Structures are given as C-alpha cells and as structure tokens.
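Scroll down for the structure; my scribbles are underneath it.
Below, each value reflects all heavy atoms present in this structure, side chains not excepted, and no hydrogens, waters or symmetry copies. Please read all numbers here as calculations on a predicted model, not as lab measurements.
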Amino acid sequence: MQRLRIVKSIGLIGLVAASLLHCSAQSFQPAPKLYRAKPEDVPPWAEQGNFRFIRLDGGQIESWKAERTWWGNKFSAEEKEVLTHIYDRDFEQMLGLLKQAEFNWIWVTWSSGWSLKDEDQNRENLESIIARCHENGIHVSAYLSGSNMFRKSAFRDDPETKKYGLWMHGIPFFYAGLTKTGPHIDWERRLADARKPGWRAYLLKKAELAVDAGVDAIMWDNMIGYDDGLAQLLDDTQRMAERKARETGRPKVLVYANIHIAPGRFGMNDINEVIWEEDGKDTPGVWDGNWQVDNARKIKFLSGEKQLWQPLKYENDVYHCGRRERCIPSPAEQKLSIAEAYAFGAATSRNIEGRFLSALIRSEPEAQEAWTAIAQYNHFLVEHQELYHQAASAARIALISAEPQNPLADEFLKQSVFFETKVLAHLDKGVPLDRFKVLVMPADLPKLSAEQKARLDTFTAGGGVIIRAGKAESAIAARVEAAAGGPRLSLEPRGYVLGQLTRKPDGRTLILHLLNYNHNAPAENVKVRLDLSGLVQDLSRWEVKVLSPDAAQPQFAGLSLHGSVSEFTLGRIEHYTVVTLSARPGP
C-alpha cells in the first residue's frame, strides 16, 4: 500500500526520495540491540510452500481511505459498497470463495490511521471474522499503518497525536503519490514520526488489540520516515508479541512490514519473521515480443537479501492490464504468476481491492474465470505441497547483483541457466557462498569493500571460481555453465520456456519447473536434456514423473537416463509443467 514518495509541503511542494531516511534526531535513542527474528518462531503453516496468501483489505475505514487517496478515488459506487461490507454483509460469500480457492492465509485491515473511536466498529466486525477464519483453517494477519494518521479523525478523538507529526528540515510531511498529471498531495493524511515514543505506544495499543482478537500476525505498512524509528517500532512490536505469548500461552504472533526491495533499507527485515514485498510492476508473459521476467529476477534478488528460513510473499502493484485496483489479469496471467512465484521459492500475494473484489462478489464472468484459474493452481499447490515445502535451489552458479535491475540476470533466466542471486550489500544472506561452484561478477559492479573482498577471497580459497563478465560478452552463459560443470538444461525448441531446478534436503528428489511465458501458444514437443553433473552421477535407478495443473496426464515420451543425463520429450507445456526425478530405494 506504500504507493508513494514523500512530499514537501507548505508552499513548496516537491517530491523527495523515499530513502530520505537515514538522518535521526539527537533526542532519539534507539535500543542498544534490536530484536532479531528467529526461525523457530515461524510455525509450520507459515513455512514456505505451506501457505496460499491473499489480501482482504476492507471495511468502512478502508472505504474512507480509498475516497481520500489517489488510487481509490475513482472507485465506482458498487466497488465502494462491496469494500465497505466485505467484513459484514458479504463476508460469508467471500469466505466461501477463499475456501474454494484453498487460501489459508489472509490479511485484514485492522488500522489505517483513523482514531481509535472511528476504528471501533471495524475491530468489532473483525473479531468475528478472525474466529470464522480460524474455524475454516485460515490464518489472519492484521494490517496496520506505521506512519499514517487521518488528522481530522485522529486529532479530534486522540488529540495527543497532534504531537507526533513527521517533520524534515522544519517541514511537515503528508502522504502522497504520483499520478499521470503530477504529484497528488493528500492533506488529510499526516505522516507521523516513529522516533517519538508516544506514537509508537499509540500504535502498539492498536496492535495489542489485534493480538487480543486472535490474529496470527501483525503487518506494518507505510513504513515512511526515519529508519531508526521504524526499526524501533518493529522491535517494540516483537517485544509486545513475546509478552502476549507469555501471558496467554498462545503462540507468538508473527511480525512483518512493507520495507521494500532497496538494499539500503532491507536490513530492517532481520527483525521480522516474514518478508512481504510489492515491488512487481508488470505481469509475467510475452508482451509485444518482449519476454517479461522482471518478477523472477526480483524474487531471486529478494531471496538473496533475506534469511533462507524467512517465508517470502511477492506482489505486483501494477499488472500488464493496469494498476491492481483497476483491472483483473486474465486466467493465463493468474496461473503463470502463481507458478512463477512458487517455482522460485516465493508465494503470490494479491490485492483484489476495487475492481476484482467487487466483480467477485457480484459474480461477474471476468472475475469468476480469473478466480477459477487461481483455484485450479492453488489446488495443485496443495496436492503437491512436497514440491514447494523445504525445497531449495540446486544451482551451483551465483550471480552478484548490486541492485534489483540486472540485465545479466534476465539473460540467465531466459536461457534457463540455473543460478541464484547474491546481493552485494548482503553477501551474508541468502544461499551461503560456499554452496556454489561459480560466482559471476557483472562488469558494472561498484567498488568492493574490504569485507566483501575478504568474503570473495574465502570463496576462491575454498575452490570456488570467479568469472568477471565482459560488458558485451555474448557467450557468458555458456562459459559460466562450463565452469560450473552442471547442472545444465537445454530445451528444443527453446521458445519462451524457462526452467528452474530445485531439490529436497536429502538430495534424493530433484524438481524441474518449466514455465511457458507465452500465454497465447503452448510449447509443443519440447525436447528436454537435463544434465545433472555435479549432483547425480548415475540416474539409472531414478524415477521420472511429469505433473501439471493444466493436464491430468501430461504427455511424456522418449525417456532416456544415461549417466548424469536425462532426456525426454514433453508433448505440451501450456503454462506450467513439473518434472520430478527421485532416487528409488535401494543400495
């Protein structure tokens, strides 16, 4: 929901970078040691591969917010009405839809910046919603805004909030966003400063009410302001969550926040058990001849920034058809988005507020078709959960990226090079360097620090190979794969099919994910050659199976297992096909 940049006001209105976040006031003293999330606090239902997540923003307070915000001020009367009543009149219908599509984790709008009094009715509605969800095996996160306050409401009913405004360089800051005609300033949405203990205490009161109502997680949005204050808010939330767990005997609630993908801020996620990001700007597919793999690249980048055990949810705030509140991606786009996220170790997050939600409740064909596609693929995820839970990349190649944008990563993806991303600023995160054989360094990397050089020296001392890519080197993928010695995938015809290889912890099951990005044409008679050198020496006692949510019995012919090489032909890859290779029991 952080569709914004910070905006300077009082006569001079100009956009400033949202990363204006590293200065801090002398009066603020952060905790000497911030909370650090622990893997044992992630319950099994929240582990990667075990959940299907969707946002269920709504209620009167969300409708009020939409009316006062640039992304929602064009909602139709029907869209506003459904949004308002999704937690009361329309909830049982929505619950049926959630169960149909096998979602087991949602978030609800708990607090978005209104006064405690104005949010009271919403809290009452949500207490019964949370109970109904739990009765049906659905876990619930409470969405709260970390910096937003609607001043006419908050200042009137909770007058202490007048003292908590965010100021930078003597100027107050308000919530804002970009439109086609320029910046939009929402003068009603005053931003608060998380460095101020009173503001954090005020927010923690709201978050504690959510824990008392039975939520399973707290999600902070609008993480706008100074980093040290926002990190302290997350720390305070975790301390409250631990205290509540001790007092009640219930499991500790999970904590997460909308930090965003930028490496300079991402470290705040060390405080959180879960990663949620909305950095997607297009739908995967082939559009006007352009093969769009941005989301796969960004998921790999996020995986390189986070701890391996942290579950990751990934969302687009713009689809190919337009902004997420205004359009419904086609069934094919829904399917590929799900398959792509899960193949690369994430989970799809969706914002259906606005057009999609209203059309679903009103049973419009476009929404029903998209929802049926989602349900079809979610059912496959449930039926074959073992393919996604505790599955890790089998890559022996690592590509260093300083920023999410990396043309070499795009090229590797399109050529089905098995690789993982190592983020330059977070070389200690993601898959450890010593699990790779080859490390690729793009030509445009910034100067390395002494610590980064030391890590790379350790990598080469352990037998790793570093390849420095030339600025216009066309054969870099082949050179890197040859140095790694496998695994390697070749597809004929290649078309717009992309491959990803994962494996289970014991190494006795390998999973080849094949995604066809061409929504308009299935890939047919695809000859697959999978060389597992470096992973498996002899495939003669291995079993090969083919699965797909698009076909009950995928066509599969010409299987050959020789040494480390498996060859076969797939008759059709409509959107997504999975090939598993499993070692048979025996000596």
Side-chain angles (χ1 to χ4, degrees), residues 280-301 314 316 318-321 329-346 348 370 373 376-377 380 393 395 397 399 405-421 474-478 480-481 487-502 511-531 546-551 554-557 567-579:
K281 303 298 178 186
D282 200 355
T283 312
V286 179
W287 309 109
D288 300 321
N290 176 47
W291 189 353
Q292 179 57 269
V293 296
D294 280 11
N295 293 322
R297 168 172 36 81
K298 289 177 181 177
I299 289 171
K300 282 188 176 289
F301 191 88
Y314 181 83
N316 282 77
V318 180
Y319 301 131
H320 195 75
C321 56
S330 69
E333 292 169 80
Q334 302 283 358
K335 292 176 180 180
L336 184 60
S337 294
I338 294 171
E340 181 185 64
Y342 280 81
F344 288 103
T348 315
Q376 177 185 339
Y377 267 53
F380 183 83
S393 169
I397 297 167
L399 171 62
Q405 189 74 21
N406 188 332
L408 192 52
D410 285 0
E411 191 57 34
F412 279 8
L413 283 163
K414 293 173 183 178
Q415 294 190 42
S416 292
V417 175
F418 299 139
F419 78 99
E420 289 302 312
T421 297
S474 59
I476 181 66
V480 168
E481 287 187 318
R488 181 184 295 190
L489 176 69
S490 62
L491 304 169
E492 182 63 39
R494 183 190 297 174
Y496 293 104
V497 175
L498 178 158
Q500 165 76 347
L501 186 67
T502 60
I511 306 151
L512 176 64
H513 306 265
L514 296 168
L515 302 104
N516 177 23
Y517 280 66
N518 189 342
H519 299 306
N520 299 316
E524 296 184 324
N525 298 317
V526 179
K527 294 181 180 179
V528 179
R529 185 179 192 274
L530 178 62
D531 184 345
V546 182
L547 307 164
S548 175
D550 302 314
Q555 298 174 9
F556 173 60
E567 295 182 284
F568 50 88
T569 298
L570 295 174
R572 181 185 180 96
I573 305 174
E574 188 171 350
H575 304 293
Y576 178 47
T577 295
V578 182
V579 181

note = For F419 and A409, the nearest pair of non-hydrogen atoms, with its separation, is CZ-O, 3.8 Å

R529: partners by side chain to side chain contact (heavy atoms under 4.5 Å, CB included), with sequence neighbours left out = S490, D531, V565, E567

inquiry  = Could you work out, with side chain to side chain contact (heavy atoms under 4.5 Å, CB included) as the rule, every residue matching E524, not counting sequence neighbours?
reply    = P522, R572

task = Hey, could you give me the CG/NE2 distance between L514 and H575, rounded to the nearest 0.5 Å?
result = 14.5 Å

inquiry  = Quick one, F412 and V480 - any side-chain contact, counting heavy atoms below 4.5 Å?
reply    = yes

Partner set under side-chain hydrogen bond (donor to acceptor under 3.5 Å, both in side chains) for S330, not counting sequence neighbours = E333

Contact summary for L413 and R297, nearest pair of heavy atoms = CD1-N, 3.7 Å

key: Spacing of CD1 belonging to I338 relative to CG belonging to L515, to within rounding of 0.5 Å   = 12.0 Å

query = Just wondering, do P284 and Y517 contact through their side chains at under 4.5 Å, heavy atoms?
reply = yes

query = Among all residues two or more places apart in sequence or in another chain, which pass the side-chain hydrogen bond (donor to acceptor under 3.5 Å, both in side chains) test with T502?
reply = H513

note = Heavy-atom nearest pair, A296 first then F344, reads CB-CE1, 3.8 Å

For Y377, ring pair (Phe, Tyr, Trp, His ring centres under 6.0 Å) partners two or more places apart = none

request  = Mind checking side chain to side chain contact (heavy atoms under 4.5 Å, CB included) for E481 and listing every partner two or more places apart, or none if nothing turns up?
outcome  = I397, V417, R488

task = Using the test side-chain hydrogen bond (donor to acceptor under 3.5 Å, both in side chains), find all partners of Q376 that sit at least two apart in sequence or belong to another chain.
result = K335

Hey, can you pull the donor-acceptor pairs under 3.5 Å for the side chains in residues 285-292, sequence neighbours left out?
unit_1	atom_1	unit_2	atom_2	d
W287	NE1	T283	O	2.9
Q292	OE1	D294	N	2.9
Q292	NE2	D282	OD2	3.0

request  = With sequence neighbours left out, write down each residue that passes salt bridge (charged side-chain N to carboxylate O under 4.0 Å, His left out) with K281, or none if nothing qualifies.
outcome  = D317

query = Roughly how far, to the nearest 0.5 Å, is the OG1 atom of T348 from the OH atom of Y314?
reply = 10.5 Å

side-chain hydrogen bond (donor to acceptor under 3.5 Å, both in side chains) involving K298 - partner list, sequence neighbours excluded = none

message = Under the rule for side chain to side chain contact (heavy atoms under 4.5 Å, CB included), what residues qualify as partners of A523, not counting sequence neighbours?
response = V497, N516, V526, I573

message = Applying salt bridge (charged side-chain N to carboxylate O under 4.0 Å, His left out), can you list everything that pairs with E420, at least two apart in sequence or on another chain?
response = K300

query = Counting N and O atoms only, with roles assigned by atom type, does the side chain of D550 sit under 3.5 Å from a partner on the main chain of Y576, one being a donor and the other an acceptor?
reply = yes

inquiry  = The test is side-chain contact (heavy atoms from CB on, under 4.5 Å); show your working for Q500 and E340 and say whether it passes.
reply    = CA-CA 10 Å; Q500 165 76 347; E340 181 185 64; over 6 Å; no

